[in-house]
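The structure under discussion appears below in the form of structure tokens.
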Amino acid sequence: EITKEQQALMKVILDAYNRHQIPQDMAKKLLQDQYSAEENFLLLTEMATSQVQVLVEFTKNIPGFLTLDREDQIALLKGSAVEAMFLRSAQVFSRKMPNGHTEVLEERIRKSGISEEFITPMFNFYKSIGELHMMQEEQALLTTITILTPDRPYVKDQQAVERLQETILDVLRKLCVLQHPQEPQYFARLLGRLTELRTLSHYHAEMLTSWRVN
Amino acid sequence: PASNLGLEDIIRKALMGNLEE
């Protein structure tokens, strides 16, 4: 059973998750008429910057986060920014988009100079997230768990981060049992996406260098 | 503009809450 405190915790996180989104106009820009590779590059860079700012605003609302040591807060955000960005953008691809939008977005990313070897794993990840048909609460909690990963580089007080992450994992575990009674493996599958996300973010550094070269 | 700041700078600025600077 989800306790009252856990309900309140979930509500705080879900509200913050919905409140802090990429500005609509920026997301729409991605769908407008054809841009050159350079313009695509600038647009995606601008989007990435905005996603980091949105991530920080969301993270400030995670109960307990601001009580952590300031440098640990920065280490957690720096360590999770790319993963949180892919997780968030995966939901854009899995949400029922008006017909054609997903194709336009996919085309846009394919034409932005990112080499093929990185695009395939990225879209595979988007597909595997889409297949889970995650609820909003699950997306918000999974993003929070990604951010509160204790073993990020430069984190000094890993136990403090672990305690926070554990509370969120417990809520998500219960939520998955309640919302997916016929899928006992659902929680494990969600966590499995986090490992896939880590490999994707290892690609990301190489992706950036190859992008600059192109 | 924010987009040519490094990742850490963007994070520090946003954490400090003075994005408008």
Side-chain angles (χ1 to χ4, degrees), chain A residues 16 19-23 26 29-30 38-62 65-86 112 147 152-155 201 204-205 207-209 211-212, chain B:
Chain A
R19 224 178 22 258
H20 296 291
Q21 308 259 0
I22 301 180
M26 188 180 286
K29 243 193 252 171
L30 259 180
E38 293 71 31
E39 281 154 334
N40 269 341
F41 175 82
L42 284 175
L43 196 55
L44 288 173
T45 310
E46 200 186 303
M47 293 274 286
T49 305
S50 169
Q51 284 226 17
V52 172
Q53 290 164 335
V54 160
L55 173 70
V56 176
E57 293 311 318
F58 163 68
T59 305
K60 285 180 184 179
N61 292 277
I62 297 172
F65 181 81
L66 291 178
T67 63
L68 296 170
D69 168 83
R70 172 52 60 94
E71 288 312 309
D72 277 359
Q73 291 175 23
I74 290 165
L76 289 175
L77 283 160
K78 233 180 124 178
S80 64
V82 170
E83 289 174 29
M85 185 172 70
F86 277 123
S112 59
I147 296 162
R152 295 294 187 197
Y154 311 114
V155 171
S201 96
H204 185 262
M207 189 198 278
L208 280 184
T209 16
W211 206 358
R212 285 203 187 89
Chain B
S3 51
N4 49 31
L5 286 173
L7 176 60
E8 191 166 320
D9 302 317
I10 298 171
I11 290 171
R12 274 187 199 281
K13 254 191 187 326
L15 263 179
M16 248 60 87
N18 45 23
L19 265 182
E20 298 70 30
E21 231 183 274

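Chain A is the first sequence line, chain B the second, and so forth, proteins listed ahead of strands; every chain is numbered from 1. Predicted, not measured: the structure shown is a model, and the values here were computed from it.
- In this structure, CD on A:Glu71 lies 4.5 Å from CZ on B:Arg12, to the nearest 0.5 angstrom.
- For the atom pair B:Leu15 CG and A:Gln53 CD, the distance stands at 11.5 Å (nearest 0.5 Å).
- Taking OG1 of A:Thr49 as the start and CG of B:Asp9 as the end, the distance is 11.0 Å to the nearest 0.5 Å.
- A:Lys60 places a side-chain N or O within 3.5 Å of a backbone atom of B:Ala14 that can act as its donor or acceptor partner.
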*Which is it for A:Arg70 and B:Met16 under the side chain to side chain contact (heavy atoms under 4.5 Å, CB included) test, yes or no, and what are the steps along the way?*
CA-CA 10 Å; A:Arg70 172 52 60 94; B:Met16 248 60 87; 3.0 Å; yes
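- Contact tally against chain B (heavy-atom pairs below 4.5 Å) for A:Val52, A:Ile74, A:Leu55: the top residue is A:Ile74.
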